[in-house]
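Working notes, structure below.
Every value quoted in this text rests on a predicted model; they were computed, and no experiment measured them.
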Amino acid sequence: MRSFLFVPGDSEKKLGKAMGTGADALIVDMEDSVALSRKDAAREITPAFVAENRGKGVALFVRVNAFDTGMTFGDLAAVMSAKPDGIMLPKAVGQGDVDRLAIALSALEARDGIEDGATRIFTVATETAEAVLSLGQKIVHPRLAAMTWGAEDLSASLSAQVKHGADGQYLAPFLHARNMCLFASRASGVLPVDSVYPDTRDLAGLEAETIAGRDIGFGSKCAIHPAQIEVINRVYTPTEEQLAWARRIKAAFDAEPDAGVLNLDGQMIDRPHLRLAERLLLLAP
């Protein structure tokens with residue numbers, strides 16, 4: 001999946017347009033984009049939307065409210081019968097929060113006749129100082145599918161007055177959080193998803209940030225507006241030249257499956273090249 005689009009879970013109008021945006025996945029949001037007075041409405045609208053649209057070629061995740069709000073389990077109880085592809089947990093703190101969510105998902109899957117383990121977990125892994133510190137070790141759980149990072153809540157946790165320098169780039173603490181999310185995702189064997197680009201009118205800036213994220217190892221990016229999807233999908237879709245290279249690497253190792261190192265056109269290739277080739281081929285249109 002190249003792109004994840006956040007859509008407010010209490011807006012039937014915005015949800016009605018979301019399936020046609022071209023996003024690979026939607027994150028139906030019951031957290032930050034839903035006012036407190038609209039939480040109950042989101043618990044009705046979100047599962048109805050998921051139930052109606054699952055299995056139509058777009059992955060459907062639901063972002064529930066964080067554990068510290070006291071609303072998480074009510075959100076889960078409301079949406080799980082609709083069988084979302086996954087649950088996004090904000091303000092997640094390491095292994096403990098993933099395990100806690102997984103236990104709740106198993107109970108609700110049993111309640112609703114869903115295969116145990118079918119619901120994946122997607123964490124927002126850097127929204128507090130404690131969460132960033134927890135990323136020093138990998139998270140192991142078969143439900144865990146992806147991790148992303150975020151700067152807004154982290155800035156509040158740090159009491160930071162600004163997130164960007166004069167050049168428009170993230171300052172060091174936020175770059176550190178981004179890097180730790182990337183390291184932790186890859187160490188845990190899950191998809192690293194780059195954070196949102198908040199200026200929806202600056203598509204050139206979005207493209208530059210998306211390319212930079214892709215080049216350092218992110219595999220996808222979140223979006224907050226449909227206009228951002230085309231840019232993200234284009235950047236994360238391999239070119240024909242890249243795919244041709246990947247196919248040749250794959251073919252070389254398929255021909256010699258026991259080899260650790262091969263020579264291809266005078267260039268040494270090894271297992272890391274094969275892993276990169278396989279990731280590129282997974283993104284082929």
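- Its side chain within the 4.5 Å cluster rule, Val193 clusters with Met1, Phe4, Phe6, Ile27, Phe61, Met88, Phe122, Val124, Leu191, Val196, Ile224 among the Ile, Leu, Val, Met, Phe, Trp and Tyr residues.
- For Ala212, the side-chain contact (heavy atoms from CB on, under 4.5 Å) test picks out no residue, with sequence neighbours left out.
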Show me, pair by pair, the donor-acceptor contacts under 3.5 angstrom made by side chains of residues 134-145, not counting sequence neighbours?
from	atom 1	to	atom 2	distance (Å)
Ser134	OG	Gly94	N	3.3
Ser134	OG	Ala131	O	2.6
His141	ND1	Arg143	N	3.1
Arg143	NH1	Glu109	OE1	3.4
Arg143	NH1	Glu109	OE2	2.9
Arg143	NH1	Thr119	O	2.9
Arg143	NH2	Ser106	OG	3.0
Arg143	NH2	Glu109	OE1	2.6

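- Asn263 and Gln267 share no donor-acceptor pair across their side chains, judged by distance under 3.5 Å alone.
- Between Val64 and Ile87 the shortest side-chain heavy-atom distance falls below 4.5 Å.
- Other members of the cluster containing Leu281 are Leu243, with ILVMFWY side chains joined at under 4.5 Å, either directly or via other members.
- At a threshold of 4.0 Å, the pair Asp85-Arg54 does not count as salt-bridged, since none of the basic side-chain nitrogens sits closer than that to a carboxylate oxygen.
- Partners of Glu256 by side-chain contact (heavy atoms from CB on, under 4.5 Å), not counting sequence neighbours, listed by chain and number: Ala259, Leu262.
- The salt bridge (Lys or Arg N to Asp or Glu O under 4.0 Å) search around Lys250 returns Asp254, not counting sequence neighbours.
- Under the salt bridge (Lys or Arg N to Asp or Glu O under 4.0 Å) criterion, Arg248 pairs with Asp265, not counting sequence neighbours.
- Counting Ile, Leu, Val, Met, Phe, Trp and Tyr side chains that sit under 4.5 Å apart, directly or through other members, Ile103 stands alone, with no cluster partners.
- Applying the side-chain contact (heavy atoms from CB on, under 4.5 Å) test to Asp10 and every residue at least two apart in sequence or in another chain returns Pro8, Val34, Arg38, Ala42.
- Taking a 4.5 Å side-chain heavy-atom cut-off between Ile, Leu, Val, Met, Phe, Trp and Tyr, the cluster of Leu133 contains only that residue.
- When the side-chain contact (heavy atoms from CB on, under 4.5 Å) test is applied to Arg2, the partners found at least two apart in sequence or on another chain are Asp24, Asn233, Tyr236, Thr237, Leu283.
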Throw together a table of side-chain donor-acceptor distances under 3.5 angstrom for residues 173-186, partners on residues two or more places apart or in other chains.
from	atom 1	to	atom 2	distance (Å)
Arg178	NE	Asp194	OD1	3.2
Arg178	NH2	Asp194	OD2	2.6
Asn179	ND2	Leu175	O	3.3
Ser185	OG	Cys181	O	2.7
Arg186	NE	Gly217	O	3.4
Arg186	NH2	Gly217	O	2.7

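- In plain terms, the two heavy atoms of Arg63 and Asp29 that are nearest each other are NE-OD1, 2.7 Å.
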